[in-house]
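Naming: A, B, ... by sequence-line order, numbering from 1 per chain. The figures that follow rest on heavy atoms only: side chains count, while hydrogens, waters and symmetry mates do not.
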Number of protein chains: 2
Amino acid sequence: MAAAARRDVFQAIADPVRREILGLIAFEPMNLNAIAEKFDISRPAISNHIKILSECGMVSITQQGRERYCEAKLDPLGEVNQWIDQYSQFWSRRFDSLNSYINKVQHQNKQK
Amino acid sequence: MAAAARRDVFQAIADPVRREILGLIAFEPMNLNAIAEKFDISRPAISNHIKILSECGMVSITQQGRERYCEAKLDPLGEVNQWIDQYSQFWSRRFDSLNSYINKVQHQNKQK
DNA sequence: ATAATATGTAATCATTTGATTACGCAATTA
DNA sequence: TAATTGCGTAATCAAATGATTACATATTAT
């Protein structure tokens, strides 16, 4: 594949396959072959997606014998969230769900 | 430019120029030339970015005479936020600030 | 009517992206 | 030791992306 250029979180999560991969390994690490089996594309293609994800700090890889366990590191999503947050007044959902959560907590407190 | 293919919010905000454009017109609509003047790239290039943003519902355009006023529509960011939210337990910042906010609310309630 | 302005669009181009097949190599198993 | 397994990597390719210049068109100003 050609040389890498831009490599940031926004770019990383732009690809739907990479988002799926993150979803797969968010809760339990998997080795590369196990991940590749879940997709219709070739193992090397998955290997490259993992490489991209690890290059921007979203996947950490632990070698165990001949297997490489891939674990999602989702902290970089904070950067995306921060960027989005500055516009939160302009879109409703997140703010609504935060409000409803706050209201629930407040309600629970009043009942105490 | 080549034919359009994928066209979703994740893709739209992957480009740093498009994120800047959204930041520019989030608070006040601007016409296309005014936007283009803020960047080093050509007007047609900006025109295309605007087109992409409008195709995924992130910019609405109002024709006024020969000018086209571009206004940011940031609701689609809710989709991104929702996707991120499901992993919020895995990255600290947003969750911390939510927790501190919750704590503050709870504290206020206790004092009542 | 003519010039200037605001913009879209087409042709073109270099680069990046995402994928494939073929191959190589270290670790494991038989 | 020989076969199998789990990968990385190189060569290659089609398509997408982001940008440019040149041109067309409608609106507004002179």
Side-chain angles (χ1 to χ4, degrees), chain A residues 1-25 28-72, chain B residues 1-25 28-72:
Chain A
M1 182 168 286
R6 236 184 306 135
R7 198 120 299 178
D8 58 83
V9 201
F10 290 93
Q11 187 70 17
I13 66 170
D15 188 278
V17 172
R18 286 197 287 271
R19 288 201 298 280
E20 268 196 78
I21 291 177
L22 289 175
L24 256 180
I25 61 178
E28 53 157 355
M30 294 172 76
N31 67 13
L32 209 137
N33 271 352
I35 297 170
E37 276 168 18
K38 301 279 187 175
F39 295 87
D40 285 335
I41 59 180
S42 69
R43 185 188 49 75
I46 296 293
S47 180
N48 191 52
H49 281 306
I50 294 286
K51 192 180 180 185
I52 289 170
L53 286 168
S54 80
E55 276 172 8
C56 72
M58 303 206 64
V59 162
S60 79
I61 299 165
T62 309
Q63 187 96 27
Q64 262 179 42
R66 63 187 160 187
E67 295 175 60
R68 310 186 82 197
Y69 279 88
C70 306
E71 186 186 355
Chain B
M1 185 171 284
R6 237 184 307 135
R7 198 121 297 177
D8 58 82
V9 201
F10 289 93
Q11 187 70 16
I13 67 171
D15 187 279
V17 172
R18 285 196 287 270
R19 288 200 300 279
E20 268 196 78
I21 291 177
L22 289 175
L24 256 179
I25 62 178
E28 52 157 356
M30 293 172 76
N31 66 14
L32 207 137
N33 270 353
I35 296 170
E37 276 168 18
K38 301 279 189 178
F39 295 87
D40 285 336
I41 60 180
S42 69
R43 185 187 50 74
I46 296 294
S47 180
N48 192 52
H49 281 306
I50 295 284
K51 192 179 179 185
I52 290 170
L53 287 169
S54 81
E55 274 172 11
C56 72
M58 302 206 65
V59 162
S60 78
I61 299 166
T62 309
Q63 188 97 28
Q64 264 178 40
R66 62 187 159 187
E67 294 174 59
R68 310 186 81 197
Y69 279 88
C70 306
E71 187 185 354

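Atom pair B/Leu53:CG and D/dG18:C1' shows a separation of 13 Å (rounding to whole Å applied). For the pair B/Arg7 CZ and D/dT17 C1', the computed distance is 9 Å after rounding to whole Å. Here the C1' atom of nucleotide C/dT20 and the CZ atom of A/Phe39 are 17 Å apart, to the nearest Å. The CD1 atom of B/Ile46 sits 13 Å away from the C1' atom of D/dT20 (whole-angstrom rounding). Computed from coordinates, the A/Asp15 CG to C/dA19 P distance equals 6 Å when rounded to whole Å. Between B/Asp40 atom CG and D/dT20 atom C1' the separation is 14 Å, expressed in whole Å. As rounded to whole Å, 14 Å separates atom C1' of C/dA6 from atom CE of B/Met30. Distance CZ (B/Arg68) to P (D/dT27): 12 Å, rounded to an integer number of Å.
Residue order along DNA chain C, read from the 5' end via each residue's closest nucleotide, puts B/Ser47 first among A/Arg18 and B/Ser47. Map B/Gln63 and A/Asn33 each onto its nearest nucleotide of DNA chain D; the residue landing nearer the 5' end is A/Asn33. Both A/Gly65 and A/Ile41 lie near DNA chain C, and the one whose nearest nucleotide falls closer to the 5' end is A/Ile41. Mapping A/Arg66 and A/Pro44 onto DNA chain D by nearest heavy atom places A/Arg66 closer to the 5' end of the strand.
Residue A/His49 places none of its side-chain N or O atoms closer than 4.0 Å to OP1 or OP2 of C/dT17. A sub-4.0 Å separation between OP1 or OP2 of D/dT17 and a side-chain N or O of B/Asn48 is absent. The phosphate of D/dT17 has OP1 or OP2 within less than 4.0 Å of a side-chain N or O from B/Gln11. Residue B/Ser42 has no polar side-chain atom (N or O) positioned under 4.0 Å from OP1 or OP2 of D/dA19.
B/Leu24 contributes atom CG, which lies 5.0 Å from atom CZ of B/Phe39 (distance to the nearest 0.5 angstrom). Separating the CD1 atom in B/Ile52 from the NE2 atom in B/His49 is a distance of 6.5 Å, to the nearest 0.5 Å. Summarising the geometry, atom NZ belonging to A/Lys38 is positioned 13.0 Å from atom CD1 belonging to A/Ile21; distances are rounded to the nearest 0.5 Å. Once rounded to the nearest 0.5 Å, the distance linking NZ of A/Lys51 with CD1 of A/Ile46 reads 15.0 Å. Atom CG of residue A/Asn33 and atom CD of residue A/Glu67 lie 8.0 Å apart, to the nearest 0.5 angstrom.
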